[in-house]
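The structure appears right after this line, and notes come after that.
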Amino acid sequence: MPHLLALTLGCLLDYFFGDPTKMPHPVTGMGKLIAFLEKSWNKGRHQVWKGALLWIAVTGSAFLIAWGMTAAVALWSQPASVIVEGLLIWTTIAGKGLKEAALKVYLPLKDGDWKTARGELGWIVGRDTDHLEEDEIVRGTVETVAENASDGVTAPLFYALIGGAPLAVLYRAVNTCDSMVGYKTDRYKAFGYVSAKMDDVFNYIPSRLTAWVTLIVSNGTFREKRWRFRHLPSQASHHPSPNSGWGEAAAALSLGVRLGGENTYFGEKSFRPYIGFPHHELADIHIKQVNVLLTRTVAAWIVLLWLGGIGFELAVSWGKSL
C-alpha cells in the first residue's frame, strides 16, 4: 500500500506540475556520472566489460541512494516516507512533459507555421527535421509519444509498484544508460552493449502491457479492438527495437494510421518498416489524439496497478490466515 500511495502521489505531481526542474533531479546526476565514466573507460581493450561496470556503477548507486533515503525517512515517519517516495517517483516519470512537447509541435503546425513545428520536433527526435512535410512532422511526433509512453511513464510506475521509489529510480538509471551509450555506432557498439541489452530486459514486460492497455482504452467497437489485438504482435515486430515497436503499433492501430518509413539522420537516409495500416492520412489532429490516448493509458495503468496491489495484499492476508 505505501508504494501504491507513493506512485499515485508521483503521478499527481507530474500531472499538475510536470518535470521537477526547480529541484535536484536524479537524472542529471546519472547523466554526469555516465559521461564521466564513459570518458574515462571507453577506450582500449575489454570495452564490453568496462561498459558493464559502468552500468553496475550507475544503476547500483542510483538504487542505493534512493533506498537509503526512503529507508532513513521510514525510520522516523511512515507518512513522511510515502511523501519522499512520491517525490522520487515524480522524478522518474515524464507524462506531462511528453504531452507538452507534442503540443509545442501541434500548435504551430495547426496554424500553418511549419518552420516552427519542425524546430520543435527537432528537440524530441534524432532525425533531420528541416525539410519535413506536414505528414512527416505528425509522424515523428506520434512516434515519439507512442515510444515514450512506456519508458517515460508506465514502466517506472510498474517498477515503483514492485519495489517503490528505489526500483523506479533504478529503472530510470537503466533507461538513462541506454539513452547515453546504448548506440550501435563504432564508439558505443561494444561499450554500450550491456546498457542496451539491459534496457531491453527491463522494458520487455512493461512495453507489452502498456500496448495492451492502450488498445483497451482506445476508441472503437469490441470487434475493432479485437482486430487490433490480433494484429498488434505482428505489427510490433516490424520495429528494429524489441520493445519500442509495441508502443508504436498500439498507437498506429488505435489511430488508424501508418507509422514508419524513410527518415534522414545527418543527411543520410534510413528506412524503417511500416507499422499499422493507413486507414487515415496523418494530420495534425492525430497529435492531439495520441496525447489523449497517452492520458487514458496512464489513468488505466494506475487503476490496474491499484487493483494488482490490493489483490496481492488480499492474497497474502488470505495465505497467512490458512
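Counting begins at 1 with the first residue of the sequence.
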*Please report the closest heavy-atom contact between L215 and A250, naming both atoms and the distance.*
CD2-O, 3.6 Å
*If only atom types and distance count, is the side chain of K225 paired as donor or acceptor with the main-chain N or O of I216 below 3.5 Å?*
yes
*Cut-off 3.5 Å, side chains only: do T295 and K99 have a donor facing an acceptor?*
yes
*Whether S270 side chain and N263 backbone form a donor-acceptor pair below 3.5 Å*: no
*Give a yes or no answer on whether the side chain of E224 reaches the backbone of T221 with a donor-acceptor pair at less than 3.5 Å.*
yes
_Nearest-0.5 Å distance, CG of residue L37 to CG of residue L54_ = 5.0 Å
*Donor-acceptor pair, side chain of S254 and main chain of A251, under 3.5 angstrom*: no
_Any H280 side-chain heavy atom under 4.5 Å of L255 side chain_ = no
*Does atom CE of M69 have more than 12 heavy-atom neighbours, drawn from other residues, nucleotides or ligands, at distances under 6.0 Å?*
no
*With a 6.0 Å cut-off on ring centres, are F16 and W90 close enough?*
no
*Without swapping roles, check the side chain of H231 against the backbone of R228 for a donor-acceptor pair under 3.5 Å.*
no
*Identify the residue among V290, I124, V105 that makes a side chain to side chain contact (heavy atoms under 4.5 Å, CB included) with V145.*
V290
*Taking K110 for the side chain and D284 for the main chain, is one N or O donor matched with an acceptor at less than 3.5 Å?*
no
*Could you give me the CA-CA distance, side-chain angles and deciding distance for W55 and Y193, then say whether ring-ring contact (aromatic ring centres under 6.0 Å, His included) is met?*
CA-CA 10 Å; W55 187 87; Y193 177 81; over 10 Å; no
*If you link ILVMFWY side chains whenever their heavy atoms are less than 4.5 Å apart, which other residues fall into the same cluster as Y274? By chain and number, please.*
F271
*Should we say atom CD1 of I310 is surrounded by more than 12 heavy atoms from elsewhere, each under 6.0 Å from it?*
yes
_I'd like to know whether CH2 of W67 has more than 12 heavy-atom contacts from other residues, nucleotides or ligands below 6.0 angstrom._
no
*Take atom OH of Y204 as the centre, draw a 6.0 Å sphere, and report whether it contains more than 12 heavy atoms from other residues, nucleotides or ligands.*
no
*Minimum heavy-atom distance between S234 and S237, given as atom pair plus value*: O-OG, 2.6 Å
_Side-chain (E248) to main-chain (E147) donor-acceptor, under 3.5 angstrom_ = no
*Stepwise, does the salt bridge (charged side-chain N to carboxylate O under 4.0 Å, His left out) test hold for K50 with E38?*
CA-CA 9 Å; K50 290 177 182 177; E38 190 274 335; over 6 Å; no
*Where the side chain of R139 meets the backbone of G260, is there a donor-acceptor pair that is under 3.5 Å apart?*
yes
*So, the side chain of S77 versus the backbone of V73: is there a donor-acceptor pair under 3.5 Å, distance only?*
no
*R223 atom CZ: more than 12 heavy-atom contacts under 6.0 Å*: no
*Going hydrophobic residue to hydrophobic residue with side-chain gaps under 4.5 angstrom, can you get from I83 over to L12?*
yes
_Short side-chain donor-acceptor distance under 3.5 Å, N203 and Y171_ = yes
*Between atom CG of L9 and atom CG of D14, what is the distance when rounded to the nearest 0.5 Å?*
11.0 Å
*Considering non-hydrogen atoms only, spot the tightest contact between R118 and D130 and give its length.*
CD-O, 3.3 Å
*asked:* Ring-plane angle category for W246 and W212, please: parallel below 30°, perpendicular beyond 60°, tilted otherwise.
replied: perpendicular
*Decide whether T214 and T297 meet the rule of one side-chain donor and one side-chain acceptor closer than 3.5 Å.*
yes
*Going through the distances and angles, do E143 and R127 end up as a salt bridge (charged side-chain N to carboxylate O under 4.0 Å, His left out)?*
CA-CA 12 Å; E143 288 175 351; R127 70 195 68 171; 2.8 Å; yes
_Keeping D178 on the side-chain end and M198 on the backbone end, is there a donor-acceptor pair under 3.5 Å?_
no
*Any chance you could lay out the side-chain contact (heavy atoms from CB on, under 4.5 Å) test for T176 and V58, step after step, and finish with the verdict?*
CA-CA 9 Å; T176 306; V58 174; over 6 Å; no
*Side-chain heavy atoms under 4.5 angstrom apart, residues restricted to Ile, Leu, Val, Met, Phe, Trp, Tyr: same cluster for I275 and L253?*
no
_Over all atoms of both residues, closest heavy-atom pair of A62 and V169_ = O-CG1, 3.7 Å
*Assess whether side-chain contact (heavy atoms from CB on, under 4.5 Å) is satisfied between K197 and V201, documenting all intermediate values.*
CA-CA 6 Å; K197 290 301 179 183; V201 171; 5.6 Å; no
*When rounded to the nearest 0.5 angstrom, what distance separates CG in L170 from OG1 in T59?*
5.5 Å
*Could you tell me whether the side chain of V213 reaches within less than 4.5 Å of the side chain of L304, counting heavy atoms only?*
yes
*Tell me, please, which residues at least two apart from I162 pass side-chain contact (heavy atoms from CB on, under 4.5 Å).*
F158, Y159, L167
*To the nearest 0.5 angstrom, please state how far the CG atom of N243 sits from the CG atom of D199.*
7.5 Å
_Test side-chain contact (heavy atoms from CB on, under 4.5 Å) applied to K96 and Y15, step by step_ = CA-CA 6 Å; K96 185 178 179 69; Y15 181 82; over 6 Å; no
_Please determine whether side-chain contact (heavy atoms from CB on, under 4.5 Å) holds for the pair W49 and F191, giving the CA-CA distance in whole Å, both sets of side-chain angles, and the decisive distance to 0.1 Å._
CA-CA 8 Å; W49 290 106; F191 188 77; over 6 Å; no
*asked:* Applying a strict under-4.5 Å side-chain criterion to I, L, V, M, F, W and Y, I'd like to know whether V181 and F36 cluster together.
replied: yes
*Would you say the side chains of R296 and N219 form a donor-acceptor pair under 3.5 Å?*
yes
*Nearest-0.5 Å distance, CD1 of residue I34 to NZ of residue K39*: 16.0 Å
*Minimum heavy-atom distance L121-G140, with the two atoms named*: CD1-C, 3.8 Å
